[in-house]
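Report on the following structure.
Quick note on labels: first sequence line is chain A, next is B, and so on, each numbered from 1. Reckoned from all heavy atoms, side chains included, excluding hydrogens, waters and symmetry mates.
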Amino acid sequence: MNDETDDEARALRARRILDAVAAIPRGRVASYGAIAARAGYPGRARLIGRVLGDAPDRMALPWHRVLRADGRIGIPAGTQGFREQCRRLKAEGVTVKDGRVPMSAFGLDHDLDRAIWSWG
DNA sequence: CACGTGACCGATG
DNA sequence: TCATCGGCCACGT
């Protein structure tokens, strides 16, 4: 009897998280933790990876714009997904070197800093 | 119910 | 930069 409620909760979580991912602007990136917080689940970064992994790949979603907090790609190196993520990021002008993106230049907080402090 | 695993993170050494 | 640790927690076994 609880199953339905659980499924609903899961669906809600996924929706909020996927929405947050979808909100990342083209050419920018965000960390799993940042997405978790934005979706309303602070401290639960692992949840994002799980949801993205479960999401149907046919879904048009900028999942490739989600990286680890240090800028490295979260997917294990050498996998198809890893290569795909590199490809997609480069395709939209994001610098990827050795499976890593300079968050200082492409992270969302950089936009905030620039807007608030008029940097760059 | 216990345990291992993982597309995580921040602090610490 | 790398290694470890404690925290986080859904899932499969």
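Atoms CZ and CG, from A:R38 and A:L108 in turn, are 8.0 Å apart once rounded to the nearest 0.5 Å.
Under the 4.0 Å criterion applied to side-chain N and carboxylate O atoms, A:D70 and A:R72 are assigned as salt-bridge partners.
If you take atom P in B:dA7 and the same atom in C:dG7, they sit 22 Å apart, rounded to whole Å. Between C:dC8 and B:dG6, the distance separating the two C1' atoms is 12 Å to the nearest Å.
Heavy atoms from other residues, nucleotides or ligands lying under 6.0 Å from CG of A:D7 number more than 12.
Among the heavy atoms of the strands lying under 4.0 Å from A:S31 are primed sugar atoms or P, OP1, OP2 only; no base atom is included. Here A:G53 lies in heavy-atom contact (under 4.0 Å) with a base.
Scanning both residues, A:V94 and A:R28, for their nearest heavy atoms gives CG2-N, 4.4 Å.
Taking atom CE of A:M103 as the reference point, atom C1' of B:dC8 lies 12 Å away to the nearest angstrom. Between A:Y41 atom OH and B:dC9 atom P there is a gap of 18 Å when expressed in whole angstrom units. Following rounding to the nearest Å, A:I75 (CD1) and B:dC8 (C1') show an atom-to-atom distance of 14 Å. The distance from atom CD1 of A:I73 to atom C1' of B:dG6 is 17 Å, rounded to the nearest whole Å.
When side chains are defined from C-beta on, A:R65 counts as touching A:R26, because their heavy atoms get closer than 4.5 Å.
A donor-acceptor pair under 3.5 Å is formed between the side chain of A:R16 and the backbone N or O of A:A39.
Taking every side-chain heavy atom of A:L52 into account, B:dA7 is the closest of B:dC8, B:dG10, B:dA7.
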Nucleotide by nucleotide, 5' to 3', does protein get under 4.0 Å of the base (B), only the sugar-phosphate (S), or neither (-) in nucleotides 1-13 of chain C, counting heavy atoms?
-> S-----BBSSS--
